[in-house]
Amino acid sequence: APNIITTRYLGIAEVTTLTVVRMLASVPLMIVAAVAPVFWPSFTIARAQGDYKGLKRRFAIVLVVTAVGLVAYSVVLVIAGPATVQWWLGGRVTATGRIFATLGAWLIFQGVWYWLSTILNSMGDVTIQTIWGCIQFSVLIGCGIPMATHLGLFGLVLAMAIATAVGAVA
């Protein structure tokens with residue numbers, strides 16, 4: 001949906017900017033996505049054995065470790081992101097630190113969402129994930145279009161962060 005909103009309301013040139021900066025921001029999510037499934041059996045076994053204390057402890061540990069890592073990456077992203085993109089693409093695409101800061105927030109919420117979906121999958125619960133996904137999509141569309149229209153690419157990225165936060169916390 002972000003690329004469609006970008007194309008429709010900001011123009012095709014901004015799709016490139018959004019794609020490049022979102023991919024750079026998403027690098028640590030690839031690691032989280034690779035590691036999270038490893039914990040799935042552990043969560044499932046703990047739940048099946050009624051070890052809710054151990055389940056909560058393990059889940060809290062992975063959330064804290066993930067959040068600390070993503071916050072650190074987000075700080076680097078804000079500091080080095082604009083120069084990295086400019087160097088990487090020879091100045092053809094530029095993005096402000098404000099966009100990278102907002103993508104940093106989106107990154108942290110997305111990392112939490114990955115872990116929430118892993119623990120819910122380990123419990124066999126897709127209903128909550130479906131509801132949360134619909135909420136995220138609705139918030140993204142409801143906020144993304146007016147925010148993109150009034151604030152440009154920054155507004156759309158802010159709407160992405162808000163939608164992901166609402167979905168991860170709802």
**Student:** Are there more than 12 heavy atoms of other residues, nucleotides or ligands under 6.0 Å from atom CE of M30?
**Tutor:** yes

**Student:** Please enumerate all residues that pass side chain to side chain contact (heavy atoms under 4.5 Å, CB included) together with I61, with sequence neighbours excluded.
**Tutor:** R57, V65

**Student:** Work out which heavy atom in A34 is nearest to a heavy atom in P37; give both atom names and the distance.
**Tutor:** O-CD, 3.7 Å

**Student:** Would you kindly confirm whether I141 and L151 end up in one hydrophobic cluster when ILVMFWY residues are joined by side chain heavy atoms under 4.5 Å apart?
**Tutor:** yes

**Student:** Could you work out the complete set of other residues in the hydrophobic cluster of V64, with links drawn between I, L, V, M, F, W and Y side chains under 4.5 Å apart?
**Tutor:** V68

**Student:** Quick test of your reading: applying side chain to side chain donor-acceptor pair (under 3.5 Å), list the pairs with at least one residue in residues 78-91, sequence neighbours left out, ordered by first then second residue.
**Tutor:** none

**Student:** Give me the other members of the hydrophobic cluster that I79 sits in, counting Ile, Leu, Val, Met, Phe, Trp and Tyr linked by side-chain heavy atoms under 4.5 Å, directly or via other members.
**Tutor:** V75

**Student:** Any non-hydrogen side-chain atom of L24 less than 4.5 Å from a side-chain atom of V20?
**Tutor:** no

**Student:** Applying side chain to side chain contact (heavy atoms under 4.5 Å, CB included), can you list everything that pairs with I108, at least two apart in sequence or on another chain?
**Tutor:** L70, V71, S74

**Student:** With side-chain contact (heavy atoms from CB on, under 4.5 Å) as the test, pick out the partner of T102 among V78, I162, V157.
**Tutor:** V157

**Student:** Identify, with sequence neighbours excluded, every residue that meets side chain to side chain contact (heavy atoms under 4.5 Å, CB included) alongside V112.
**Tutor:** L63, L116, A168

**Student:** Could you list the cluster mates of V15? Members are the ILVMFWY residues connected by side-chain heavy atoms closer than 4.5 Å, either directly or through other members.
**Tutor:** I12

**Student:** Of all residues at least two apart in sequence or in a different chain, which pass the side chain to side chain contact (heavy atoms under 4.5 Å, CB included) check with A95?
**Tutor:** T17, V21, F100

**Student:** Output the distance between atom CD (E14) and atom CG (L156), rounded to the nearest 0.5 Å.
**Tutor:** 10.0 Å

**Student:** For R58, enumerate each residue passing the side-chain hydrogen bond (donor to acceptor under 3.5 Å, both in side chains) test, keeping only those at least two apart in sequence or located in another chain.
**Tutor:** S42

**Student:** Do you know which two heavy atoms are closest between G104 and L77, and how far apart they sit?
**Tutor:** N-CD2, 4.4 Å

**Student:** Does I99 reach the side chain of L18, with side-chain heavy atoms less than 4.5 Å apart?
**Tutor:** no

**Student:** If hydrophobic clusters are built by linking Ile, Leu, Val, Met, Phe, Trp and Tyr wherever their side-chain heavy atoms come under 4.5 Å apart, do V27 and V76 end up in the same one?
**Tutor:** no

**Student:** Rounded to the nearest 0.5 Å, how far apart are CG of N3 and CZ of R8?
**Tutor:** 15.5 Å

**Student:** In this structure, would I128 and V166 fall into the same cluster of hydrophobic residues linked by side-chain contacts under 4.5 Å?
**Tutor:** yes

**Student:** Closest approach of Y73 and A25, non-hydrogen atoms and distance?
**Tutor:** CE2-O, 3.7 Å

**Student:** If you measure from CG on L10 to CD1 on I145, what distance do you get to the nearest 0.5 Å?
**Tutor:** 10.5 Å

**Student:** Could you tell me which residues satisfy side-chain hydrogen bond (donor to acceptor under 3.5 Å, both in side chains) with S138, sequence neighbours excluded, listed by chain and number?
**Tutor:** none

**Student:** Start with the C-alpha distance between Q136 and T164, add both sets of side-chain angles, then the distance that settles side chain to side chain contact (heavy atoms under 4.5 Å, CB included), and finish with yes or no.
**Tutor:** CA-CA 6 Å; Q136 282 181 323; T164 305; 3.9 Å; yes

**Student:** What's the spacing between L158 CG and L153 CG if we round to 0.5 Å?
**Tutor:** 11.0 Å

**Student:** As an exercise, state the distance from CG of L55 to CZ of R47, rounded to the nearest 0.5 Å.
**Tutor:** 9.0 Å

**Student:** State, yes or no, whether a side-chain contact exists between V62 and F43 at a heavy-atom distance under 4.5 Å.
**Tutor:** yes

**Student:** If you define the side chain from C-beta out and look only at heavy atoms, does anything of M160 sit under 4.5 Å from L140?
**Tutor:** yes

**Student:** To the nearest 0.5 Å, what is the distance between CZ (R22) and CG (L107)?
**Tutor:** 12.5 Å

**Student:** Going by the ring-ring contact (aromatic ring centres under 6.0 Å, His included) test, which pairs reach into residues 102-126, not counting sequence neighbours?
**Tutor:** F39-W115, W113-W132

**Student:** Other hydrophobic cluster members with I45, side-chain heavy atoms of Ile/Leu/Val/Met/Phe/Trp/Tyr under 4.5 Å, chained?
**Tutor:** none

